[in-house]
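What follows is a set of notes on a single structure, which appears directly below.
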Amino acid sequence: MGIGELDREAHVPEVTGAAAAPRTLAEALRARGDEGLAALLRARPDLLSPVPNDLTQLATRAGTRGSVVRAIERLDRFALQTAEALAVAPDPAPYPVLLALLTGDDGDPEIEAALPGALALLREQALVWGEDERLKLVRTAREILAPSAQHPSPTGLGPTVAEATSGMSPGRVQEIIAAAGLPATHDPVSAVAALTGLFTDRDRMGALLDSASPEALGVLDRLVWGPPYGEVSANPAPPVRWLRDRGLLLPVSARTMVLPREVALHLRGGRAHRAPEPLPPELGVLREYRPQVVDSAAAGQAHVTLATVEELLKSWDRGGPPVLRAGGLAVRDLKRTAAALDVTEETAAFWLELCYGAGLLASDGEADERYAPTPAYDHWLDLPPAERWALLVAPWLTATRTPGLVGGQDTKGRTLAALGPDLDRAPAPEVRHRVLELLATLPPGAAADPETLFARLRWERPLRGAAAAQAGDGKPGEDKPGDGRPDGRPVGATDLRSRLARWTLAEAELLGLTGRGALSGPARALLNLPLAEAASPADHGGGVEPSVAAGRAATLLAPLLPEAVDHVLLQADLTAVAPGPLRRPLADALAVLADVESKGGATVYRFTPGSVRRALDAGQTASDLHEFLKAHSRTPVPQPLAYLIDDVARRHGHLRVGAASAYVRCDDDAVLGEILADRRSAALGLRRIAPTVLAAQTDPASLLDGLRSMGYAPAAESAEGDVLITRTDAYRTPARTAPVPVPDGPPAPDTTLLGAAVRAIRAGDRAATAVRKEPAAAPAAAGALPRTSAAETLATVQAAAMTGSAVWIGYVNAEGAASQRVIAPVRVEGGFVTGYDHTADEVRTYPLHRITGVAELADEQV
């Protein structure tokens, strides 16, 4: 559609009466109240960028192809089927004709009840306008949804008889009407009308088909539900010739025939769709549990979430894996992370993305870029467990990054890496919210049947997932027959929207938002949904701020989480059992002194010579370790553990390593002789430079590691000869912000913006439609700016300022943008006119040299 056509559709003739039926989309919008305009802008926020000058511009913008496609992709299945039916109906279509296309000859009470709502939705979004007697689909939407040879309609219908015979010779048309038993006419238009009348007359059409052979009827059966096109040979079979001669099949090329729309509708019993779906599929209940069981299971998983995030980031305390040149984590590093967490690679990618999305993990930005925890992680660790959980799940709800894509390929065939680019999918937040909201519609404790959940999502957005899948997510799905996009391409059965829903269910279970597949109480609070046990309206979460909702969720979760303990149980086999989550200082100290052997409800730690030496390197003494264990153990310190600590402490620091390149010194020259005699020391390049000193050709850190691998317990020393204590300070990135979600189109406008936009559009429309006096010598064309000389402009605005009347002006701003305005001048001086601008609804000052012209209003209209 060209610009001129859009202008003609949006042009608004003058309305002579309040009850006059709208003749254009702009006129229909003008008849709406402010609430109706706000509803349109809320449903289609792309129309607000920038705010239209008037209703004519709003109507023009609402008819552009990009905006119409976005609106169509957000329709539910029945609203889309209604629009598709209007696209194959006469233009304009009376309401009974539309109803007949959806219900067929037999009628359908469910469709009859649902159609007004679907039509109201299409009207609200300015895809349909007009009274029930003259329903009109916006021209661009009709072009998108109407059937054509290039883009078949999802209805499976073909062109009308008039469209299919538009290029046919008059003689051939006369042959068809003669074979069909119609009276001859020399007027091609009346001949086509007669053939159309035959095909739409149920009685005469039934009689014609009764004379067809079973083979001919079989050909029609294969085409009736689409696609309506079929190939034929140069010498078609008799059944096909019989159908062709009577116009039941019409040629579109030398080898292709099409089933006319009127014939298909007769064979279908008047229905445009094989299976209209006026009602959304019901959610099935897979299993039911007591709500307390669900909340307990969810809380247990929430505790696992916190423990997993802590374990992951603690393992990267000294700096994590390097960042790939193209961004993201290498596959081998993802495998190592998965092995360390004892999870699959897909689950490891989810935990990494969760930390990244919450701002707890980022790259350090150095030359040799590596991943590491951020300073926000230290603050997060200091919070109560329930608040830490809320700070993880709240960003997950709004994140557009999609961990499920990790391991797939982008549109260029490159593997998508965890923490890397190209993982953002704009529909993800909407799908997550909708999945959880649907779970909340079930009774408390009920787990939904996933397949019915996915069917419901496909009904609500039948085209949305296909549009996202076409963007390229690396995991294309199979084609599903019977559905289609606005451009005719099939919808994938495993489209991105369906896979986002599957990932949402799995991730919600991992995070503890659901327990055994049912939505938990804290999750309801986080989503601003009413709680099952709410006692008053104040206990309902609807309408509260996200931060308040997160706080309510944390409050509900806190009593369900296991309480942290301040003790362990030491055992004779050099292990310690933590009977629950340990308090922060105890957990940090024990992590230095012992290694985690197993996790679960009770964590098992094992003491080894290496772990004890690690504690000594951190500045602890043997007596400190004995006191620590005695203070925090509910069982006596086992003798083997006490001996282990004393033995390692006795040998710790006996050797001293410093920098020469590096050196080793020891008061016992026999020990140095042992080291030199050991073949394993050859790689260290040691040589004796004094009875108690060995020099090395390697750096101190490598020398320390080498001697420890040989079974010694050396200690590092400073240049002054003091023992260096290895601090447990962690490496942190500079301050980083969490990744910003990629919006799915323009953001939804708030109430304040909607109100201001509606007022501005109304004011601009009053200015654009105000009746004014045109100069007799040079009348302005419709929509053109007024043109007057500088002297005429000055005289007119001065007169308006003296009389207090309003005038219509054309104005060009500093950027060269032209606009029409209605102003009431109050002061004219110094080359400027100051007045009340009815278009902007405020007092403004305009340079006179930027006013292209001025005209008086015929009547006071503002």
Side-chain angles (χ1 to χ4, degrees), residues 88 101 104-105 146-186 188-275 479 481-482 484 488-490:
V88 298
L101 284 171
D105 297 340
S148 68
Q150 293 75 27
H151 302 301
S153 167
T155 62
L157 293 170
T160 62
V161 171
E163 293 168 347
T165 58
S166 60
M168 191 176 294
S169 66
R172 178 66 186 126
V173 175
Q174 294 299 327
E175 292 175 1
I176 291 175
I177 65 172
L182 297 173
T185 173
H186 296 292
V189 176
S190 61
V192 171
L195 191 60
T196 302
L198 169 63
F199 292 162
T200 54
D201 187 316
R202 293 303 177 90
D203 294 334
R204 290 193 293 160
M205 188 63 176
L208 178 61
L209 292 177
D210 286 342
S211 63
S213 65
E215 293 79 7
L217 295 177
V219 173
L220 295 179
D221 287 342
R222 290 196 294 272
L223 300 176
V224 66
W225 290 109
Y229 296 90
E231 291 189 1
V232 297
S233 62
N235 184 24
V240 176
R241 282 202 305 272
W242 189 91
L243 296 171
R244 182 193 62 186
D245 292 344
R246 288 155 181 79
L248 297 173
L249 290 180
L250 293 173
V252 293
S253 67
R255 302 292 298 273
T256 306
M257 306 292 289
V258 66
L259 181 69
R261 187 181 306 171
E262 294 85 352
V263 177
L265 286 174
H266 174 84
L267 296 171
R268 296 179 177 193
R271 287 181 299 170
H273 297 87
R274 174 177 286 185
D479 290 343
R489 287 182 288 177

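By convention here, the first residue in the shown sequence is residue 1. All values below come from the heavy atoms of this structure, side chains included, with hydrogens, waters and symmetry mates left out.
Minimum heavy-atom separation, Leu157 to Pro147: O-CB, 3.1 Å. Heavy-atom minimum distance, Ala191 versus Gln174: CB-NE2, 3.9 Å. Here the closest non-hydrogen pair linking Ala180 and Leu198 is CB-CD2, 3.8 Å. Glu262 approaches Val161 most closely through the heavy-atom pair OE1-N, 3.1 Å.
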side-chain contact (heavy atoms from CB on, under 4.5 Å) between Leu209 and Leu220: does it pass, once the steps are laid out?
CA-CA 10 Å; Leu209 292 177; Leu220 295 179; 3.9 Å; yes
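A distance of 7.5 Å separates CD1 in Ile176 from OG1 in Thr165, rounded to the nearest 0.5 Å. From Arg268, atom CZ reaches atom CG of Asp105 across 13.0 Å, with rounding to the nearest 0.5 Å.
Residues that satisfy the salt bridge (Lys or Arg N to Asp or Glu O under 4.0 Å) test with Arg261, not counting sequence neighbours, are Glu163. With sequence neighbours left out, the salt bridge (Lys or Arg N to Asp or Glu O under 4.0 Å) criterion links Arg204 to Asp201. Residues passing the side chain to side chain donor-acceptor pair (under 3.5 Å) test with Thr185 are Ser190, sequence neighbours excluded. The salt bridge (Lys or Arg N to Asp or Glu O under 4.0 Å) test applied to Glu175 returns Arg172, not counting sequence neighbours.
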In a table with atom names and distances, give each donor-acceptor pair under 3.5 Å that connects a side chain of residues 231-259 to protein atoms at least two apart or in another chain.
residue : atom : partner : partner atom : Å
Ser233  : OG   : Asn235  : O            : 3.1
Arg241  : NH1  : Pro236  : O            : 2.6
Arg246  : NH1  : Trp242  : O            : 3.3
Ser253  : OG   : Thr256  : N            : 3.3
Ser253  : OG   : Thr256  : OG1          : 3.1
Arg255  : NE   : Val232  : O            : 2.8

Acceptor/donor pairs from residues 221-229 side chains to any protein atom, 3.5 angstrom cut, sequence neighbours excluded:
none

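You'll find the side chain of Thr200 stays beyond 4.5 Å of the side chain of Leu265, heavy atoms only. Residues Val263 and Met205 meet the side-chain proximity criterion, which asks for heavy atoms closer than 4.5 Å.
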